[in-house]
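The structure under discussion appears below in the form of structure tokens.
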Amino acid sequence: MNIIITFPDGSKKEFASGVTPLAIAESISSKLAEAVVAARVDGQVVDLTRPLSGDVAIELIKPDNPAGFDVLRHSAEHVLATAVIRLFKGAQVTMGPRHHDEEFYYDFDIGRPFTPEDVEKIEAEMRAIVAEDQPFTREELPKEKARELFKQLGQRYKDEILDWIPEPTVTVYRNGDFTDLCRGPHLPSTGRIKAFKLIGSAGAYWRADASREMLQRISGIAFGSEKELKDHLTKLEEAKRRDHRKLGRELELFLVSERFDAHEPEPEEAIEALVTGRVHFASTPAFEWIEPTLAAIRAALPRRTVNFTGVNVSSHRDDSDRIPVLRLECFGPRLDADEQKALRALGDKLLADSRERHGTPVDLRYQHRAFEDIGPGLVLWQPKGGLVRTLMEDFWRREHLKVGYDIVYSPHIAKSDLWKVSGHLGFYRESMYSPMNIDGAEYIAKPMNCPFHVMMFKSRKRSYRDFPMRWAELGTVYRYEMAGVLHGLMRVRGFTQDDAHIFARPDQLDSEVDRLLGFVLHILRSFGFTEFNAYLSTRPAKFVGEIPDWDRAEKALAESAHRLGLKYRLDQGAGTFYGPKIDLKILDAIGREWQCSTVQLDFQLPQRFGLTFVNREGKEERPFMLHRALMGSLERFFGIMIEHYAGAFPPWLSPVQAIALPVTDRHRAHARAIVEQLRAVGLRAQVDPRNEKLGYKIREAQLQKIPFMLVIGDKEVAADGAALRLRSGEDRGLLARAALCDLLVEQCRIPGASADQVKALGIEDYALE
RNA sequence: GCCGGCUUAGCUCAUCAGGUAGAGCAGCUGAUUCGUAAUCAGCAGGUGGCCGGUUCGAUUCCGGCAGCCGGCUCCA
């Protein structure tokens, strides 16, 4: 019996029933059969070896297609697992990712971490398995049969995976000595994995749950050809070259988490004693410890002043598992051997005491203070970075004022009570810095700016005529982020949000969202980003407010994105607890995605703070509130720009725009004259006055990524001009002084919203009714 | 916070197996007056992240802590 196969281009061909997609590919060309990794049959991706029956539509999938990529990488995972069970007796296999971005990985439990040597061995074993060209075979069997099978194989984790599969029948794939529970599909055989490389190993929690077993993840990359693999590695190299941490140091833009040696040993050296212990936070307030501990330490160190300086709560998992760290400072000469011994003995004693009292360990140690330390995740903006930031901020302020925002400021700390009312202490406590005690009241560093803006709203009775109110602030916030996630400027603990809160009447929702999205695009484009991905995040499982309000708000965001021609992806259930949001991610020069902008609707705060306005009928009504950030955080956005431009900022953002390079010192005076004139028209220009060869100065200017180099020698002095060299290497030749000036002014112009844009962004409701 | 790795001069990196550290660049001094990505010479620079342990002796071996890097998780 024959069946009719329909191809994507609509053409049809007849085959014998039971034909496999692989055979079909071979009938077209052997090259295609070689390249193809899976087939889409009536919309479903299946193995190339799956026999077909009945008339179907078929599409042969190659690795250049996302589905094909997935199959390739998925098979690579199985090869990885095969290598691991061969090399490690009793290794437990768990699972790989559902979808693959760049990398593939598979998590194992071998009772210990993998070493870098293990990974090398595993990769070698994988190559052997590929060379063996083991066929992948698929088998369907009832769930209970599968349970028995994996029990026999000694694979514990598979049992748990089977628990969360609802279907009565499951599929199992085999290759060589490896059998895995797997939906598939897979390549016909391991020999088809030509280009792959293991990237490394790291710990990962079973089911991403920190309370479960720590597994060992091995990750790698796989491609359809060696060339693609090579290209990918080149891209990684390129990313490394652009790393903002490296460029930040080289260009002297910022410092983060820097530790400096202490300057001079001081006559009165300070040491710091830390007392840590695990106690039940709710039933045993850490403060009970302070007095007895202090007294004991004072007795052990009679020659020193010992002060209590605070309590840090260092674990943030949940209330019952917090670790209060008592921070004590001891001033005085460095401890001698006897004193250190005494302190250690005291530590042992405290340990024993606390075990008795709380059933938990306590640990006392001291540390000589040998460093001048800022603290992890805190940023210093050096002069050149500070200048770029100033330019970013100035631009930001000017554009905001143009389109009807007001600029506000708020303090860095506020009483705990405010954070209680706002709900942060309930929902956000784990990310907040510990309170400080001032005159008997508790204050906390702000993790967000919104409560302050809300308080300003409440300062007087509001009328429907006041709306919309758009209050923007470059507000520096502090968030306690887990130590392991900090990363250069991209993830820090103190950062400045380009925040704003828009308070408006319900009838203004659509127009405000429209204007906002338009404004976001304008700002991001001005900084040189032209490609975006938008994500609409809808109601999560845990939410506040009424469902009709949510639906309406989600619709408003979606429609607005639509009106602006912004294509968005739906992120179901990923909204914040207080409202839906739309996030914009920008694509940088090498195609990486970065989240910056977020626009969030909030039903929660106006309600918690009881915000109202008086409407046209004289009745109290609740306004809505929009939170938004465009750049997100100045620190992070700066980091992204550094990587996007590889440190070569556009001229308007370059710390130094032009540098004059006199060929010898007799050309210095003329160089100074040119620079003076450039400065007079507002350009940031400098002279390199050093007695060095021209090549040397050019090299330095080039490394500093200065956009315009002005070479000045005899010819240029005679012609009263300069020879312009661009950082691209292009030599523009001699330019007369005036022409040079005009050109540079033009090239360094600061972007800004045009009159049309301002109009589009809606200045009209500035007019009072 | 968890898992692994790393931490040597301002930066980039050496020091084969435990015997108290070297180079290039940067810095300082001097010479050189030079045309599109590095002129030469000299000088100075380090209680090898911090605190302990083992050892006759630790940068090297072991433990604790801190920081960084790659992941988990989370997010601007």
Side-chain angles (χ1 to χ4, degrees), chain A residues 103 105 107 112-116 119 199-206 208-211 214-219 245-246 249-250 256-261 265 271 274 276 314-317 321 323 335 337 340 344 363 365-371 373 375-376 430-431 447-448 477 479-492 495-499 583 594-598 629-637 639-640 661-668 691-703 709 711-716 723-727 729-731 733:
Chain A
E103 300 178 357
Y105 61 77
D107 293 344
R112 64 163 177 91
F114 290 106
T115 63
V119 176
I199 298 277
S201 68
Y205 298 108
W206 171 230
D209 181 345
S211 66
M214 170 67 75
L215 306 172
Q216 297 304 321
R217 170 169 302 177
I218 298 181
S219 49
R245 294 166 298 187
K246 179 171 165 279
R249 203 174 29 240
E250 286 170 4
V256 62
S257 304
E258 293 290 320
R259 198 156 58 165
F260 306 98
D261 291 333
I271 65 153
L274 298 177
T276 64
S314 72
S315 167
H316 290 254
R317 199 139 288 143
D321 194 31
I323 306 173
L335 300 195
Q340 286 184 22
R344 233 169 297 143
D363 176 18
R365 67 182 86 87
Y366 94 98
Q367 219 172 337
H368 185 76
R369 204 189 264 164
F371 292 107
D373 217 336
E430 297 197 347
S431 299
M448 293 189 194
V477 297
R479 298 183 184 173
Y480 176 84
E481 300 283 354
M482 288 190 293
V485 306
L486 301 176
H487 178 90
L489 290 178
M490 301 302 188
R491 195 74 189 278
V492 294
F495 60 96
T496 304
Q497 288 182 302
D498 68 320
D499 204 0
D583 294 329
W594 301 96
Q595 155 136 33
C596 297
S597 317
T598 180
L630 310 181
M631 297 183 254
S633 114
L634 294 182
E635 285 76 4
R636 179 185 169 78
F637 197 76
I640 293 166
L661 311 173
V663 175
T664 75
D665 54 12
R666 69 175 180 277
H667 307 114
R668 214 178 275 159
N691 180 13
E692 293 289 351
K693 290 168 85 161
L694 180 62
Y696 181 87
K697 294 184 193 180
I698 285 179
R699 179 182 154 81
E700 293 238 311
Q702 196 76 43
L703 291 174
M709 285 164 250
V711 175
I712 291 164
D714 290 336
K715 269 182 290 176
E716 289 74 21
L724 177 62
R725 183 193 205 271
L726 306 182
R727 63 187 161 189
E730 186 187 343
D731 185 354

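Residue numbers begin at 1 in each chain, while the letters A, B, ... track the order of the sequences.
Taking a pair to require two hydrogen-bonding distances under 3.5 Å in either a Watson-Crick or a G-U wobble arrangement, G22(B) pairs with C13(B). Remark: C74(B) base-pairs with no nucleotide; criterion is Watson-Crick or G-U wobble with both hydrogen-bond distances under 3.5 Å. Pair assignment for U55(B): none, as no Watson-Crick or G-U wobble contacts are both less than 3.5 Å. Base pairing analysis places G46(B) opposite nothing; no Watson-Crick or G-U wobble pair with both distances below 3.5 Å involves it. Partner assigned to G4(B) is C69(B), using Watson-Crick or G-U wobble distances below 3.5 angstrom. When Watson-Crick and G-U wobble pairs are counted only if both distances are under 3.5 Å, G30(B) pairs with C40(B).
Cys596(A) and Ile640(A) get closest at one heavy-atom pair: SG-CD1, 3.6 Å.
Atom-to-atom, CZ of Phe637(A) to C1' of C75(B) comes out at 17 Å; the value is rounded to the nearest Å. Taking atom NZ on Lys246(A) and atom C1' on C13(B), their separation rounds to 15 Å, with Å as the unit. Atom CE in Met631(A) sits roughly 12 Å away from atom C1' in A76(B) (whole-Å rounding). Going from atom CZ of Arg636(A) over to atom P of C74(B) covers 15 Å, rounded to whole Å. Between the P atom of A76(B) and the NE2 atom of His487(A) lies a distance of 17 Å, rounded to the nearest Å. For the pair Glu250(A) CD and C25(B) P, the computed distance is 17 Å after rounding to whole Å. In this structure, Ile218(A) places its CD1 atom 13 Å from C1' of C3(B), rounding to the nearest Å. Atom CD of Glu481(A) is separated from atom P of G67(B) by 15 Å (rounded to the nearest Å).
Between U29(B) and C61(B), the two C1' atoms lie 44 Å apart (nearest whole Å). Taking the C1' atom of each, A17(B) and A38(B) are spaced 39 Å apart, rounded to whole Å. A gap of 25 Å separates the P atoms of G22(B) and C28(B), to the nearest Å. Comparing C62(B) with U55(B), their P atoms are spaced 16 Å from each other, to the whole Å. Only the C1' atoms considered, U59(B) is 12 Å distant from G19(B), to the nearest whole Å. C25(B) and A21(B) are spaced 23 Å apart, taking the P atom of each and rounding to whole Å. Look at the C1' atom in both U8(B) and G49(B): the space between them is 10 Å, to the nearest Å. For the C1' atoms, the distance from C75(B) to U60(B) is 41 Å, rounded to whole Å.
The residue Ala483(A) sits close to a base: some heavy atom pair falls under 4.0 Å. Counting non-hydrogen atoms under 4.0 angstrom, Gln216(A) reaches the backbone sugars and phosphates but no base. Contacts of Val477(A) with the nucleic acid, taken as non-hydrogen atoms under 4.0 Å apart, are absent. Across all strands shown, Leu486(A) has heavy atoms under 4.0 Å from sugar-phosphate atoms exclusively, and none from any base.
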How does each nucleotide of nucleotides 30-40 of chain B score, in 5' to 3' order, for protein heavy atoms under 4.0 Å: base (B), sugar-phosphate only (S), or none (-)?
--BBBBBBBB-
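Judged by distance alone, the side chain of Lys697(A) and the main-chain N or O of Pro662(A) form a donor-acceptor pair under 3.5 Å. Checking side-chain atoms of Ser201(A) against main-chain N and O of Ile218(A) turns up no donor-acceptor pair under 3.5 Å. Side chain of Arg636(A) to main chain of Gln595(A): a donor-acceptor pair is present (N/O by atom type, distance under 3.5 Å, no hydrogens or angles). Listed for the Glu481(A) side chain is no donor-acceptor partner under 3.5 Å among the backbone atoms of Val492(A). For the pair Asp498(A) (side chain) and Gly632(A) (backbone), a donor-acceptor distance under 3.5 Å is present. Not one N or O on the side chain of Arg479(A) forms a donor-acceptor pair closer than 3.5 Å with the backbone of Ser431(A).
Every ring-ring contact (aromatic ring centres under 6.0 Å, His included) that Trp206(A) has, sequence neighbours left out, goes to Tyr157(A).
Side-chain contact between Arg112(A) and Gln216(A) is absent, with no heavy-atom pair separated by less than 4.5 Å.
Ranking G70(B), C74(B), C72(B) by closeness to the Arg245(A) side chain, first place goes to G70(B). Here the nucleotide nearest the side chain of Pro376(A), chosen from G70(B), C68(B), G1(B), is C68(B).
A salt bridge links Arg217(A) to Asp107(A): at least one charged side-chain nitrogen sits closer than 4.0 Å to a carboxylate oxygen.
Between G1(B) and Tyr480(A), a contact under 4.0 Å exists linking OP1 or OP2 to a side-chain N or O. OP1 and OP2 of C74(B) both lie 4.0 Å or more from every side-chain N or O belonging to Arg479(A).
Nearer the 5' end of RNA chain B, as judged by each residue's closest nucleotide, is the contact made by Pro113(A), out of Thr598(A) and Pro113(A).
Side-chain to base pairing of Arg217(A) with C3(B): no donor and acceptor N or O lie closer than 3.5 Å to each other.
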